[in-house]
Amino acid sequence: MAGTGKLRRIVVKVGTTTLTRENGSVNFRNMDLLARILSDIKGMGYEIILVSSGAIGIGAAKLGLKERPSELRYKQAVAAVGQCEMMHLYDKFFGEYGQTVSQILLTEEDVAETHHRENLINTFQALLDMGIIPIVNENDSVSFAEIESGHNKVFGDNDTLSAIVAVLCKADLLILISDIDGLYDKDPRIHPDACRIPVVESITEEIRSLAGGAGSCWGTGGMCTKLSAAEIVMARGIDMVIADGGEMEKLYPLLRGEPVGTVFQGAKS
Ligand SMILES: Nc1ncnc2c1ncn2[C@@H]1O[C@H](COP(=O)(O)OP(=O)(O)O)[C@@H](O)[C@H]1O
Ligand SMILES: N[C@@H](CCC(=O)OP(=O)(O)O)C(=O)O
């Protein structure tokens, strides 16, 4: 696990719930903190790939909408506005900490088609070689898998997308930053007595039965898609951690191997 071996390449996924508030406004504090900590961690010698949700949430904030649009074409239009604004903010915040960022927007076909996939892997490698932080999102204005699908597709939400990116880039660790510090034995928003599960060794039916949907109108997928992501990376021997976006400083002890959030242990070969 983190902190114990030659951990080097980390995929970090951040959810809409960390980048925006429930009232719909952009959480600049969290975006700035994320940029500062990831820049710092990169300075410690790690390679960082950021998978960021938030195009629709940040687009809605920019347009003054009070809730996520429900019609597909409006979601896609809002995502087109929000992706631009989100990258502007990342460029600004990461720039403050001396980093260059880049944008990679993906659809399912980009990963499924061999030639596209190879190009994609080469692009990630070249960016990392140049010390640039790739920031990935689904290409929401073109693809409707993620923003419409629910949990049943192989590709179709940023939790799963981050797992696919982690596998493509042969990452050592996937960190999902959410509005909650891990998987609980029931949804803590509904059950205040819920207990956090510190370590998961395999995604059993019992573990699946604990996962509920998104906790707010801004998040999508909830724990269901996070467990799908865990299943993908664990099968490839990659660890995954769910960590709390409200306690981002805990990424430091996490990388020292201290117990943080819920750790999903990758299969040992
Ligand atoms: N068993 C569970 N343990 C923890 N959180 C759960 C569980 N079941 C459902 N959830 C919900 O999942 C939410 C996080 O997922 P989501 O809303 O999609 O956020 P994100 O934007 O980080 O992807 C939590 O706020 C919580 O309400
Ligand atoms: N691609 C969409 C995010 C969809 C998604 O998976 O959101 P989240 O549950 O916040 O990770 C966007 O950028 O708004």
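Ligands are counted one by one from 1 in listed order, and the atoms in each one are counted from 1 as well. The figures that follow rest on heavy atoms only: side chains count, while hydrogens, waters and symmetry mates do not.
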- ligand 2-proximal atoms of Asp140, by part, heavy-atom distance under 4.0 Å: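 The side chain, only.
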[X] near ligand 1, heavy-atom distance under 4.0 Å?
| X | value |
| --- | --- |
| Ser53 | no |
| Lys13 | yes |
| Arg196 | no |
| Gly182 | yes |

- Query: Has Gly54 got any heavy atom lying under 4.0 angstrom from an atom of ligand 2?
  - Reply: yes
- Item | Option with minimal heavy-atom separation from atom 14 (O) of ligand 2, where the choices are Ile58, Leu105, Leu176, Ile56 | Ile56
- Nearest to atom 5 (N) of ligand 1 by heavy atom, Lys226, Met223, Arg189: which? Met223
Taking 4.0 angstrom as the limit and counting only heavy atoms of [X], give me the atoms of ligand 2 inside it, by number and element.
| X | result |
| --- | --- |
| Ser53 | 3 (C), 5 (C), 6 (O), 7 (O), 8 (P), 10 (O), 11 (O), 13 (O) |
| Lys13 | 8 (P), 11 (O) |
| Asn137 | 1 (N), 12 (C), 13 (O) |

- For residues 117-128, the side chain to side chain donor-acceptor pair (under 3.5 Å) pairs (sequence neighbours left out) are Arg9-Gln125, Gln125-Asp129
